[in-house]
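Read through the structure below, which is laid out as structure tokens, and then see the notes.
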Amino acid sequence: MIIGTAGHIDHGKTALVKALTGVDADRLAEEKKRGITIDLGYAYAPLPDGSVLGFVDVPGHERFVHNMLAGATGIDLVLLVIAANEGIMPQTIEHLQIVDLLGIEHGIVALTKADLADDDMRGLRAAEVQMLLAKTRLADAPILPVSSVTGEGIAALQTLLSTFHTARERASGYPRLAIDRSFALQGTGLVVTGTLFSGEVRVDDRLMLSPKGIELRVRGLHAQNREAQSASAGERCALNITGARLGKEDIARGDWITAEELHAPTSVFDIRLKVLPSEKKPLKHWTPVHVHLAAAHAMGRIALLEGDKLEPGGEAFAQVMLDAPIGALANDRLIIRDQSAQWTIGGGTVIDPFASPRNRRKPERLIRLDHMVRSTEEAARRLLDKAPGYFEYRPFAVAYNLKTAEADQLWRSADAVIAGPLIFGKSQWISARQALVSTLATHHQSAPEQPGLQPERLRNAMDPRLAKEAFAEVLAAELKIGGVAVDGPWLRLPTHVVRLSKDNELRWRHIEQIIRAQRFRPPRVRDFAEALDIAEEDVRTLMRRVARMGRVIEVAHDHFFLRETVAEMIRIAADIGAADPSSEITAAAFRDRIDSGRKVAIQILEFFDKQGITIRRGDRRRIRPDRVSYFGEAA
Ligand SMILES: Nc1nc2c(ncn2[C@@H]2O[C@H](COP(=O)(O)OP(=O)(O)O)[C@@H](O)[C@H]2O)c(=O)[nH]1
Ligand SMILES: [Mg+2]
């Protein structure tokens, strides 16, 4: 278990840690000289049962709240120190607010310097403290008078601490350690210390310095101040690390050491934000702030997602936009302080670590965030059950720090369908596929002359409309089982054949008779338009439709031949070639055989060239025997 001190400067935090552990946590020369704590201090106390209590001693001066914050994340229990002679002071309140915003649930209040207070004073302090704690998570925290000078209450406090055993929520998942200190040791090399937030670290593990993304290996480790082969979530660790591209200057407080899988730097993330009730003014949209997350500290802005301001004591979804990326995952706690780093505005919990400023205030986005403000299982279930019913599963697994096996287990129990990079709720998947097929069916019914719909048109016609990636997966699944067929650029149901409308069917029958009778010399579109007294454009559209049905071929512009006539003309060309000593097909011979004009004969031969039925070199043209039945059987 890790215990952190909190409280106003000079109230006896460091003296109390020394009384409990024998260790003077003020380690810097300047700290010793000035008698104040500036940076974090660490101390350990072995317990009779063999376990070890770890202490993080923090500075109480308002100027060093950023250091206090780096120490306060990752603690299990807060030792709130209040001097009995002075009582509640500004940083007592700020530290308590921070601890409460960080979600730390266990605490003990040490009324220090008890030797300087009589019974009346102690009673008064205890009453004041109870009032202060009343609205926080620590409302029921025990209050204990202690003195580091006389030793009063120290043994009682030790006993109380040893009875606290808190279980870590995140023993599972990949390892993630928040670095609060780094240094180089002669003969050992690089050492980092910090709290392991999740998972396990073992000697020889290959991990990553994040967000910088530098690979490293664990050469050795200490857990709770003892040499060990492995450390688990909730323990303070010192890791001896090495990496080909890793130098001391690469490592800073606030960096993470993580499994490669969790290395996912982010500078835009959505949070559930609480503004402290003690704030004087509402928090405005786009306020510049300092953001503290685990041991990291960054500058950025707060975009409010619900309304343009958030009243003191209020809570809402917000988006954090940082100047530089950090490592943040779902459920991480963060504290925001004002731009000049003078006071704490509020804090919150990361909901979606990989957000985007695009459409951030859209209702769908807020609903999605609302689904995600829950346990991992519940979030997954809601995202899969409720519209749109699909999401990218890899970022989700990273956000919630799920190992592959843990994620697979979750998807199995949610009865979900994995499709490419997406995961769909079963019923959402089924209904999306049905919607795609039925949308096509509806289209065919209302437009029997159309060959089908192009993919993007189909996507837009669907209700509800799927996002592009989701549509692609649903379509791929239908194509695979043959639920949908492709015709060039068109999608259609496999049963769909282009049919002419009644009017067009009548017109076509009339035209067909003429084309058939004229055989090698069919009239052109313009001729039919005149004969039938309809617009040229309408004849052209009709003929193209009939062409798509495979009944006629547009040999030259606006000049359609029956399919079987084209097949017959290919046979004629083949005959000419066969009869010629050098297999040559001349335009003159071809014209004679089809009894047509020279211009038309040449157009037909050029059409054959384009289709690869004949090959033309210079003036010589030959048939390709393998293409003779390209247009089917002759009449
Ligand atoms: N009389 C008395 N003085 C104390 C006690 N604990 C600490 N002090 C003194 O208070 C001053 C500040 O103590 P320190 O532990 O550095 O406070 P911190 O700033 O909260 O870490 C020092 O001069 C200590 O000697 C106590 O229990 N009784
Ligand atoms: Mg101190």
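Every number for a ligand or one of its atoms is a count from 1 in the order of the listing.
- For the side chain to side chain contact (heavy atoms under 4.5 Å, CB included) test with Leu366, the passing option among Glu306, Arg360, His371 is Glu306; the others fail.
- Within 6.0 Å of atom CD in Glu215, 12 or fewer heavy atoms from other residues, nucleotides or ligands are found, so the atom counts as exposed in its surroundings.
- If you take OG on Ser356 and CG on Asp270, they are separated by 9.0 Å, rounding to the nearest 0.5 Å.
- Looking at atom 19 (O) of ligand 1, its nearest protein heavy atom turns out to be Asp10 N, 2.7 Å.
- Atom 27 (O) of ligand 1 has Ser148 N, 2.8 Å as its closest protein atom, hydrogens excluded (heavy atom only).
- Under the side chain to side chain contact (heavy atoms under 4.5 Å, CB included) test applied with Ile251, the options Ile257, Val192, Val191, Leu216 reduce to a single match, Val192.
- For atom 12 (C) of ligand 1, a protein heavy-atom neighbour is found at a distance under 4.0 Å.
- For ligand 1, the polar-atom distance check against Asp115 finds a nitrogen or oxygen pair separated by under 3.5 Å.
- Within the 2.8 Å limit, Thr37 places at least one N, O or S atom next to the Mg ion (ligand 2).
- Interface atoms of ligand 1 facing Lys13, defined by a heavy-atom separation under 4.0 Å, are 15 (O), 17 (O), 18 (P), 19 (O), 20 (O), 21 (O).
- Regarding atom 14 (P) of ligand 1, its nearest protein heavy-atom neighbour is Gly12 CA, 3.7 Å.
- Polar contact check, Lys113 against ligand 1: a nitrogen or oxygen pair lies under 3.5 Å apart.
- When His297, Gln339, Arg337 are each tested for a side chain to side chain donor-acceptor pair (under 3.5 Å) with His290, only one passes: His297.
- Exactly one of Gln97, Glu279, Glu62 qualifies for a side chain to side chain donor-acceptor pair (under 3.5 Å) with Trp343. That residue is Glu279.
- Remark: among candidates Val17, Ile9, Thr14, the nearest residue to atom 16 (O) of ligand 1 is Thr14, based on non-hydrogen atoms.
- Less than 4.0 angstrom separates some heavy atom of Val149 from each of these atoms of ligand 1: 1 (N), 2 (C), 3 (N), 26 (C), 27 (O), 28 (N).
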### Message
One pair to check against side chain to side chain donor-acceptor pair (under 3.5 Å): Thr14 and Asp57. What are the steps and the verdict?
### Response
CA-CA 6 Å; Thr14 304; Asp57 184 36; 2.6 Å; yes
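- Here's the thing with Leu16: none of its N/O atoms is less than 3.5 angstrom from an N/O atom of ligand 1.
- An N or O contact shorter than 3.5 Å is missing between Asp26 and ligand 1 by distance.
- Ala15 N, 2.8 Å is the protein heavy atom nearest to atom 15 (O) of ligand 1.
- When Leu369, Asn331, Asp370, Leu273 are each tested for a side chain to side chain contact (heavy atoms under 4.5 Å, CB included) with Ile351, only one passes: Leu369.
- Rounded to the nearest 0.5 Å, atoms CG (Leu283) and CG (Leu276) are 11.0 Å apart.
- The proximity of Leu116 to ligand 1, defined as any non-hydrogen pair under 4.0 Å, is limited to the side chain.
- Less than 4.0 angstrom separates atom 25 (O) of ligand 1 from none of the non-hydrogen atoms of the protein.
- Residue Arg374 qualifies as enclosed at atom CZ: its count of foreign heavy atoms under 6.0 Å is above 12.
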